Participant: 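Before anything else, here's the structure in question.
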Amino acid sequence: MFDRPNFFQDVHEVAKLIPPGRVTSYGAIAKYLGTGRSARMVGWAMNQTLVDPAIPAHRVVNRIGVLTGKGHFHPSSAMQERLESEGVKVIKDQIQDFDKHFWDPMIELG
DNA sequence: CTAATGACTCGAT
DNA sequence: AATCGAGCCATTA
């Protein structure tokens, strides 16, 4: 158990801290953790969160607000559905007013 | 053990 | 302004 690096745990914690109706990017989380450009690992960590419904992975998108990870959801459309359900408009897998809904852990948390 | 891939991002051309 | 390449760390083959 917990063989995974603390990095994954931190990503999970930050992901849980994302408030409803807000979104963030992999790089933002990676930066907050200090890993910097290891945004890929954040995405990988999110993949592990799929088993944990308490982690809103649908609130995490790439830097331009595109639902790059929608294909990893059970119904690939669930990601967009949930985001819109929280008041986030998503068109063509792209979040509208991304900068407006953007939630930066560095600013909000730290 | 080496090589390749991935829910990404930045810098250079 | 748009496109290409390199960097990041962990997992799988």
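Side chains included, hydrogens not; waters and symmetry mates left out as well; all remaining heavy atoms used. Computed from a predicted structure; not experimentally measured. In what follows, every chain begins at residue 1, and chains take the letters A, B, ... in the order their sequences are listed.
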Participant: Which one, B:dT9, B:dA7, C:dA10, comes nearest to the side chain of A:Arg63?
Facilitator: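 Between B:dT9, B:dA7, C:dA10, the one nearest the side chain of A:Arg63 would be B:dT9.
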Participant: Rounded to whole Å, how long is the line connecting atom NZ of A:Lys70 with atom C1' of B:dA7?
Facilitator: 12 Å
Participant: Roughly how many Å is it from CG in A:Asn47 to C1' in C:dT11, rounded to a whole number?
Facilitator: 11 Å
Participant: Measure the distance from NE2 on A:His72 to P on B:dG6 and round it to the nearest whole Å.
Facilitator: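 It works out to 9 Å between those atoms.
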Participant: Return the value, rounded to whole Å, for the distance between atom CZ of A:Phe7 and atom P of C:dA10.
Facilitator: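 Spelled out: CZ on A:Phe7 to P on C:dA10 is 9 Å.
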Participant: A:Phe98 has an atom CZ; how far is it from atom C1' of B:dT9, in whole Å?
Facilitator: 13 Å
Participant: Rounding to a whole Å, what distance do you find between A:Trp44:CH2 and C:dG7:P?
Facilitator: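 Checked: the CH2 to P distance equals 23 Å.
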Participant: List, by chain and number, the other hydrophobic cluster members for A:Phe73, where Ile, Leu, Val, Met, Phe, Trp and Tyr join if side-chain heavy atoms come within less than 4.5 Å, directly or indirectly.
Facilitator: A:Val23, A:Val61, A:Leu67, A:Met79, A:Leu83, A:Val88, A:Val90, A:Ile95, A:Phe98, A:Phe102
Participant: In whole angstrom, give me the gap between the P atoms of C:dT3 and B:dA7.
Facilitator: 22 Å
Participant: Would you classify A:Ala30 as touching base, sugar-phosphate or nothing, given that sugar-phosphate means primed atoms plus P, OP1 and OP2, and contacts are heavy atoms under 4.0 Å?
Facilitator: nothing
Participant: Would you say the side chains of A:His58 and A:Glu86 form a donor-acceptor pair under 3.5 Å?
Facilitator: yes
Participant: In whole angstrom, give the distance that lies between atom CD of A:Gln9 and atom P of C:dA10.
Facilitator: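 A:Gln9 atom CD is separated from C:dA10 atom P by 14 Å.
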Participant: Assigning hydrophobic clusters by single linkage (Ile, Leu, Val, Met, Phe, Trp, Tyr; side-chain heavy-atom cutoff under 4.5 Å), is A:Val60 placed with A:Val66?
Facilitator: no
Participant: Between B:dT5 and C:dG5, how far apart are the two P atoms, rounded to whole Å?
Facilitator: 15 Å
Participant: Any base atoms under 4.0 Å from A:Ser25, or only sugar-phosphate, or nothing? Heavy atoms, all strands.
Facilitator: sugar-phosphate
Participant: Between B:dA7, B:dT9, C:dC8, which one does the side chain of A:Asn62 approach most closely?
Facilitator: B:dT9
Participant: Which residue in the set A:Asp10, A:Ile18, A:Thr24 passes side-chain contact (heavy atoms from CB on, under 4.5 Å) when paired with A:Pro105?
Facilitator: A:Thr24
Participant: Using whole Å, what does the distance between atom C1' of nucleotide C:dA2 and atom CD1 of A:Ile64 come to?
Facilitator: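 After rounding, the gap between these two atoms is 14 Å.
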